[in-house]
A.B. asks: 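This is the structure, below, for whatever I ask next.
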Amino acid sequence: MDFEFNNEQRDIQKAVREFAEAEMSREYMLELDRTSTYPADLLKKACDLGFLCIDIPEKYGGVGYGLTEKAIVFEELCRMGAGVGMSLGGSCFGLKVLLNSGTEEQKNRILPRACSGEGLPFSGAFTEPDKGTDIVTFPLGTTAVRKGGKYIINGTKTFITHADISKYVILLCQTDTNAKPSYKGQTTFILENPLDKPGYTVSSFEKMGWQTSHTTQISFSDFELPAENIVGKENQGFYNVMSFLTEFRIETAAAGVGMAQGVYEKAVNYAKTREAFGQKIGKFQSISHKIADMATKIETARLLLYKAAAIFDTKHDVPPHISSMAKWYGARMAVEVADDAMEIFGGHGYIIENDVARFYRDTRMLELVEGTREAQKNTIAASILGRLD
Amino acid sequence: MDIIVCVKRVPDTNEADIQISGNFINTKGLPFDVNEWDKYAVEEAVRLKEKYGGTVTAITIGDSESDDALRRAFATGADAAVRVSDDIFNGSDAVASAKILAGAISDIKHDLVLFGAQASDDGYGATGQAAAAILGLPYASLVIKLEADNGKIRATRELEAGMNEVVELPLPALLTIQSGINEPRYISIMGIRKASSKEIKVLSAGEISVNTAEIGNNSGTKTEKLFLPPVLKQTEFLTGSVDEIAVKLAQILKDKGGTF
Ligand SMILES: Cc1cc2nc3c(=O)[nH]c(=O)nc-3n(C[C@H](O)[C@H](O)[C@H](O)COP(=O)(O)OP(=O)(O)OC[C@H]3O[C@@H](n4cnc5c(N)ncnc54)[C@H](O)[C@@H]3O)c2cc1C
């Protein structure tokens with residue numbers, strides 16, 4: 001068992017760190033956050049350097065590395081950027097549904113555009129106003145009805161990241177409303193430049209943090225989609241989305257580790273310089289032990305993250321409970337570390353310009369997206385206890 | 001134009017609390033990086049190649065850990081890399097290092113040889129000069145701009161007091177590169193991928209033209225002592241109007257090496 005990155009992985013880490021430290025200054029991150037601006041310039045640069053599509057095969061315009069390398073990139077981008085890092089990594093949300101389940105024609109046409117950045121952001125639209133954690137008990141409200149060579153789509157998807165600007169959307173719809181269980185009647189589609197098309201309306205929510213990515217609601221009203229835009233087989237969409245999410249949760253775990261690392265480093269520097277009662281605050285045991293705990297938690301989450309990524313890279317699959325463990329713990333740990341950092345900064349942590357508050361707000365989102373902490377624990381528990389009828 | 005660029009892996013001592021053991025910096029746990037000036041030299045070499053064609057070969061002295069510096073050169077755009085490595089090299093000073101590098105350089109076809117102006121660890125600022133003398137190449141230091149023209153190279157040199165000087169050298173020539181000559185590109189993942197399939201040629205003392213009686217522990221200089229000067233508490237109170245204080249403060253910061 002080798003716990004070291006290999007040379008290439010270290011080179012990748014160094015390359016992304018150099019980029020992030022130079023291009024993602026605190027001032028710039030705060031400015032993007034304050035103005036709720038999507039980091040389009042950074043996205044372009046990151047794509048030109050191969051950061052975002054690092055794990056897409058070369059034949060589709062990517063660089064052909066694995067999830068481990070993707071996690072390294074994502075960790076570094078979130079270390080400097082917090083939510084801005086998530087805006088960059090999250091710009092590929094849903095893309096792997098196409099990679100895993102799309103036709104060669106779809107992949108050849110769309111993936112190179114995505115890898116160049118021109119076809120980003122991607123969105124994945126699964127959640128509905130009354131269906132978040134549970135998309136299995138009742139049929140989805142968003143339906144796709146076949147009419148000749150087209151599907152007609154109606155319904156509402158909510159909390160969809162980037163749909164106000166996305167070039168492509170992976171959409172989960174109910175195609176068979178009579179299917180039992182209902183999730184066996186769900187299908188994935190790809191929408192291309194839907195913002196230009198009739199029957200597609202997007203509105204944005206105001207939210208607590210992660211200001212650089214807008215969280216939106218999409219309303220479909222007789223939205224027409226060519227039948228060839230189906231992704232994978234009809235009525236197999238639920239499985240496409242689940243296997244995608246199982247994989248993407250590992251990336252979200254990387255975001256948690258990166259955000260925690262970033263805010264932890266701020267806290268360490270502060271503890272070494274801030275003085276109270278005639279000494280550095282880091283000399284107070286309550287502060288130094290907090291730092292020891294933060295470091296231990298980050299390292300624990302990092303081990304889980306890279307274990308999950310390594311399993312995925314060798315087996316091209318990962319047991320769902322492993323990815324759920326990495327995700328909920330990585331996210332929870334990041335929230336706790338940001339909270340501790342806020343405490344170490346005292347009142348200065350609450351002041352925007354010190355950029356602890358932004359990490360505090362942005363980490364909280366990680367626990368909610370791609371399945372809440374409770375949903376992850378359900379997955380883990382089911383793998384241990386099975387169905388206790 | 002075939003270009004050779006010499007690079008060195010150095011400990012990043014900027015942020016760390018430096019620990020000295022004997023006459024060496026204790027590098028355990030220190031992050032390492034490519035010497036800052038060498039990054040500019042590699043970038044300049046690759047830009048010249050992109051403009052005029054030819055090849056770029058990166059050379060370093062060191063054990064396998066120094067491959068980091070060569071992989072970075074590959075990722076930037078170098079075509080070949082050589083690492084000269086031998087226990088006998090340990091303890092080499094700037095001139096001895098220049099002899100070793102000159103030994104490797106003389107066996108490789110070259111029109112231009114680039115060095116960083118200095119290295120951030122031992123700061124001799126002499127290896128390039130010494131190599132030029134050994135190789136018998138025309139030489140210019142502290143270069144901040146480069147243009148090739150009909151078998152010649154025109155180099156702008158940075159002098160003191162903000163002056164520049166333009167010199168013309170016939171090729172082959174050797175130049176030491178000042179930081180700021182260009183903006184080194186970010187390393188791309190594609191570059192790293194490409195670098196991973198390229199081979200680093202490793203040469204021992206016996207495989208290059210160098211007199212082993214003149215290098216390593218037989219170097220002309222020996223380090224007697226390495227130490228951190230004691231910290232002196234100096235407090236200076238600035239007086240005057242806010243504007244005057246600001247001007248004085250700016251001057252002090254400038255004198256102490258601050259940048260604006
Ligand atoms: C910033 C942000 C961005 C998002 N981006 C996207 C996106 O791009 N695409 C997309 O499709 N969705 C997106 N979402 C939606 C997100 O995936 C859902 O919010 C999440 O799945 C939870 O669903 P819900 O909000 O409906 O909560 P609910 O499912 O209503 O859950 C409410 C509470 O009940 C708990 N709960 C529910 N079921 C159980 C159970 N069986 N056992 C125990 N507890 C349970 C939950 O854990 C939670 O605490 C985003 C959300 C946010 C906040």
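In what follows, chains carry the letters A, B, and so on, assigned in the order in which the sequence lines appear, proteins first and then strands, with residues in each chain numbered from 1.
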A.B. asks: With rounding to the nearest 0.5 angstrom, report the CD to CZ distance, Glu8(A) to Arg71(B).
C.D. replies: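 Going from the CD atom of Glu8(A) to the CZ atom of Arg71(B) covers 8.0 Å.
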
A.B. asks: Please walk me through it: do Ile12(A) and Ile189(B) pass side-chain contact (heavy atoms from CB on, under 4.5 Å)?
C.D. replies: CA-CA 7 Å; Ile12(A) 289 168; Ile189(B) 306 297; 3.9 Å; yes

A.B. asks: A quick test of your reading: do over 12 heavy atoms of other residues, nucleotides or ligands sit less than 6.0 Å from NZ of Lys198(B)?
C.D. replies: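 Atom NZ in Lys198(B) is packed in, count exceeds 12.
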
A.B. asks: Kindly indicate whether the side chain of Tyr186(B), heavy atoms from C-beta on, has any atom under 4.5 Å from the side chain of Glu23(A).
C.D. replies: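 Heavy-atom side-chain distance check passes, below 4.5 Å.
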
A.B. asks: Name, in order of residue number, those residues of residues 61-89 of chain A that have a heavy atom at a distance of less than 4.5 Å from a heavy atom in chain B; otherwise write 'none'.
C.D. replies: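 From residues 61-89 of chain A, the residues near chain B are Val63(A), Gly64(A), Tyr65(A).
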
A.B. asks: Around atom CD of Glu199(B), are there more than 12 heavy atoms of other residues, nucleotides or ligands at under 6.0 Å?
C.D. replies: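 No, not enclosed.
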
A.B. asks: Just wondering, more than 12 heavy atoms not from Lys49(B) lying within 6.0 Å of its NZ?
C.D. replies: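 Yes.
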
A.B. asks: Is the shortest side-chain N to carboxylate O distance from Lys14(A) to Asp68(B) below 4.0 Å?
C.D. replies: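 No, this pair does not count.
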
A.B. asks: Take atom CD of Glu275(A) as the centre, draw a 6.0 Å sphere, and report whether it contains more than 12 heavy atoms from other residues, nucleotides or ligands.
C.D. replies: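 More than 12 heavy atoms, drawn from other residues, nucleotides or ligands, come within 6.0 Å of this atom.
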
A.B. asks: Please determine whether the number of non-hydrogen atoms from other residues, nucleotides or ligands lying under 6.0 Å from atom CG of Asp87(B) exceeds 12.
C.D. replies: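 No, CG of Asp87(B) has 12 or fewer neighbouring heavy atoms, counting only those of other groups under 6.0 Å.
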
A.B. asks: Is it the case that atom CD in Glu21(A) sees more than 12 heavy atoms from other parts of the structure closer than 6.0 Å?
C.D. replies: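 More than 12 heavy atoms, drawn from other residues, nucleotides or ligands, come within 6.0 Å of this atom.
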
A.B. asks: Quick check for you: to the nearest 0.5 Å, what is the distance between Leu49(A) atom CG and Ile192(B) atom CD1?
C.D. replies: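 Those atoms lie 9.5 Å apart.
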
A.B. asks: For Lys248(B), look at atom NZ and say whether over 12 heavy atoms of other residues, nucleotides or ligands are found less than 6.0 Å away.
C.D. replies: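 Enclosed: over 12 neighbouring heavy atoms sit under 6.0 Å from NZ of Lys248(B).
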
A.B. asks: So for atom CD, which belongs to Glu183(B), do other residues, nucleotides or ligands contribute more than 12 heavy atoms lying within a distance under 6.0 Å?
C.D. replies: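 For Glu183(B), atom CD is not crowded (no more than 12 foreign heavy atoms under 6.0 Å).
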
A.B. asks: How would you list, by chain and number, every residue that makes a salt bridge (Lys or Arg N to Asp or Glu O under 4.0 Å) with Lys44(A), sequence neighbours excluded?
C.D. replies: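 Salt bridge (Lys or Arg N to Asp or Glu O under 4.0 Å) check on Lys44(A) returns Asp48(A).
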
A.B. asks: Where does Arg72(B) contact chain A at under 4.5 Å (heavy atoms): side chain, backbone, both or neither?
C.D. replies: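 Interface part for Arg72(B): side chain.
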
